[in-house]
Protein chains: 2
Amino acid sequence: MNKKPNLKDVAKVAGVSAITVSRVLSNPDKVSEKLRAKVEQAVHDIGYIRNHAASALASRRSGVIAVIIPSLSNIVFNDVLQGIYSAVKQHHLQVVLGDCHYSPLEEEKLIATLLSQSPEGFILTGTDQTDYARKLLQQSGIPIVQLMELSDCPIDMNIGFSHFNAGVDITNHLLQKGYRKLGFLGARMDTRTQQRLAGFKKAIADFKQPCQSYVVTTTQSSSIRLGGQLLQAVMAESQGQCDAVFCCNDDLALGALFETKRMNLKVPADIAICGFNDLEASALVEPAITSVASPRFEMGQQAVELLMTASGQDKTHKPPIDVGYRIVERAST
Amino acid sequence: MNKKPNLKDVAKVAGVSAITVSRVLSNPDKVSEKLRAKVEQAVHDIGYIRNHAASALASRRSGVIAVIIPSLSNIVFNDVLQGIYSAVKQHHLQVVLGDCHYSPLEEEKLIATLLSQSPEGFILTGTDQTDYARKLLQQSGIPIVQLMELSDCPIDMNIGFSHFNAGVDITNHLLQKGYRKLGFLGARMDTRTQQRLAGFKKAIADFKQPCQSYVVTTTQSSSIRLGGQLLQAVMAESQGQCDAVFCCNDDLALGALFETKRMNLKVPADIAICGFNDLEASALVEPAITSVASPRFEMGQQAVELLMTASGQDKTHKPPIDVGYRIVERAST
DNA sequence: AGATAAAATGATAGCGCAACCATTTTGACT
DNA sequence: AGTCAAAATGGTTGCGCTATCATTTTATCT
């Protein structure tokens, strides 16, 4: 069995030195036209592929960036990921991706594992890392971006938007529309959902007129089906009084909407529904669902760009970047 | 600036040799209780993280597996990915993931890039790789799994199901229900969609009674919105005659269903709708949509297990593994 | 043509780790 | 206590590549 070809094998075939082959692969413009063509031909002919481990070891550049998201199944992070992948491609980087299942402890382990790849940057979701995780990250000396939400004390860089403010705004939107018996449907209850809930409560507390609130939450993970169940729960708890629900995401909102049909409730006459994240389906169901949109793809892209321009050694405090959000008002409210 | 600690630094702190530290990390049971505790303490204290590149180079084991999917945004591959990640975790492997955007050429480049990581296994989606890609993969000598569809001449291992048969079956289902003017709505038109379409045509050709078919396809990528547009197109082409549509996936089917409401068509009385992939929403809309379910998560898991048990050098022909599919009949047909 | 700078190419060393083999320590037995 | 095997530990080397510096070739000028 002829083993995998290495630099020397290519060099022999092309009739040059190994280091020249290396240069053709990394700095093509430092090599004369003639040699480069010969080398490239040889590389292609014998199907040579550079050994990344050796390259990374010798050059101290791994060419990878590490990314941790809380859930692969949540389409929200999918959008962010797509942004990350699209940006990464231009920089000729590889992504190593971890899914921490919303658990800081799993995240800590993943951070240790991914740091072993000597990534040139690290993208994290959210801001509740463990202390040891923060220590490891800081010690690594690489640039780090925390994504999705805004933090007072980011590890390094931070880009996101205020889920609290969005919760306040969407709740005020319902109040302005005249709804007074507001329900909050929450699943998973990760930090961002909790911030939305806090915003919901704040808006209600600050409202000048009498109004009622019903909060129904579960730590189960979100799904369309669960949205229907939570709607039933909030109607039971409010004895049918609830006239508007703020769902912590669009999956729940869709499920709640489908459930209203079975319960024979008219939307928005009997009950208003709003969601969060502005998924495609929300705009296309009948009635279309009011939601909160944010630039997820762009956040992913921007995170990579931030990493690439950052020095990593720069310990100065960088102000968080607020990408904002937008309430998309539709027929359901 | 104190640079990143290495094995020797840990060894010094723990008062042992470097190789002993290495063993604590890789073969803990080859080290005495006492030393192991000391070393582990030292590792934690100074926040040592093993250099993966050096480890991979020295041991010739990279601990990564490469995965290429055609699209990050398609939830179908997301399910597969989740299966892959869940299985990979138990084997202490890392995934490096590429998105080839349904392009064999992009895939070829990605394969070359990912092979440079010396993966211990490779998971590909589908069976239409370029010749050079196949050459590189074969030369690499690592185990390879092609996923999702079945192939007559797999590169190495293969696990999936027959999209052609599924297309035949779902079309027969519509014919048995008495529908005779069948539409096919197709987007993207990747190989699997084409196989479903071929199945649709075959079923119609084999049907003993007179029936009509209308095929509307686009290479645009699939979305709910597009489903509505394609439904309009097929109704226009059939001059309103079409009484059933087979949508190449559930996104289109959902869009078509939403569109029927706007067009004032009753489902399934005026028109039947069936989809493909059995997404959660399909079961929960009114009426629920008939679809084709397949074990995507399990396929992902099984792919990893296959890689782990395979030798990689075994050049014998392995029979494809057919995971099958299931037609989930619902109110829309 | 000769001098000089600039570009192209090559030789050597070392990145951090684990495989391999050598050595020391421990424990079990007579 | 003495013998031997097994377990524990350490020293040396090389994985395949690129950084660094040294050397050769080419281009540019007077």
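In what follows, every heavy atom counts, from backbone to side chain, and hydrogens, waters and symmetry copies are set aside. As the structure is a prediction and not an experimental result, all values here were calculated from the model. Chain A is the first sequence line, chain B the second, and so forth, proteins listed ahead of strands; every chain is numbered from 1.
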Atom-pair distance (CD on B:Q117; P on D:dC15), nearest Å: 21 Å
A:Y48 or B:A18, whichever maps to the more 5' nucleotide of DNA chain D: B:A18
Donor on one side chain, acceptor on other, B:Q129 and B:Q146, under 3.5 Å: yes
B:S17 and B:T20: CA distance, side-chain angles, deciding distance, side chain to side chain donor-acceptor pair (under 3.5 Å) verdict: CA-CA 5 Å; B:S17 71; B:T20 298; 3.1 Å; yes
Between D:dT9 (P) and B:K34 (NZ): distance, integer Å: 8 Å
A:S32 vs C:dT9: side-chain N/O to OP1/OP2 distance below 4.0 Å: yes
Whole-Å distance separating the CD1 atom of A:I19 from the P atom of D:dT20: 11 Å
OP1 or OP2 of D:dC17 under 4.0 Å from side-chain N/O of A:S22: no
Test item: side-chain donor near acceptor, A:D45 and A:Q41, under 3.5 Å: yes
Flag for B:E149-B:Q195: side-chain donor and acceptor within less than 3.5 Å: yes
Sugar-phosphate only, base, or nothing, as touched by B:R23 at under 4.0 Å among non-hydrogen atoms: base
Any B:T20 side-chain nitrogen or oxygen under 4.0 Å from OP1 or OP2 of D:dG10: yes
Polar contact flag, side-chain donor to acceptor under 3.5 angstrom, A:T130-A:E108: yes
Closest listed nucleotide, where the reference is the side chain of B:A58 and the choices are D:dG16, C:dG16, D:dG10: C:dG16
Phosphate contact (C:dA18 OP1 or OP2) by B:S55 side-chain N/O below 4.0 Å: yes
Atom pair distance, as rounded to whole Å: CZ in A:R61 and C1' in C:dG16: 19 Å
Length of the line joining A:H52:NE2 and C:dC17:C1', which is rounded to integer Å: 16 Å
A:S59 or B:V16, whichever maps to the more 5' nucleotide of DNA chain D: B:V16
Touch class at under 4.0 angstrom, heavy-atom based, for B:L7 against every strand present: sugar-phosphate
Which nucleotide in C:dT9, C:dC20, D:dT18 has an atom nearest any side-chain atom of A:L35: C:dT9
Polar pair under 3.5 Å, donor/acceptor by atom type, side chain B:R60, base D:dG16: no
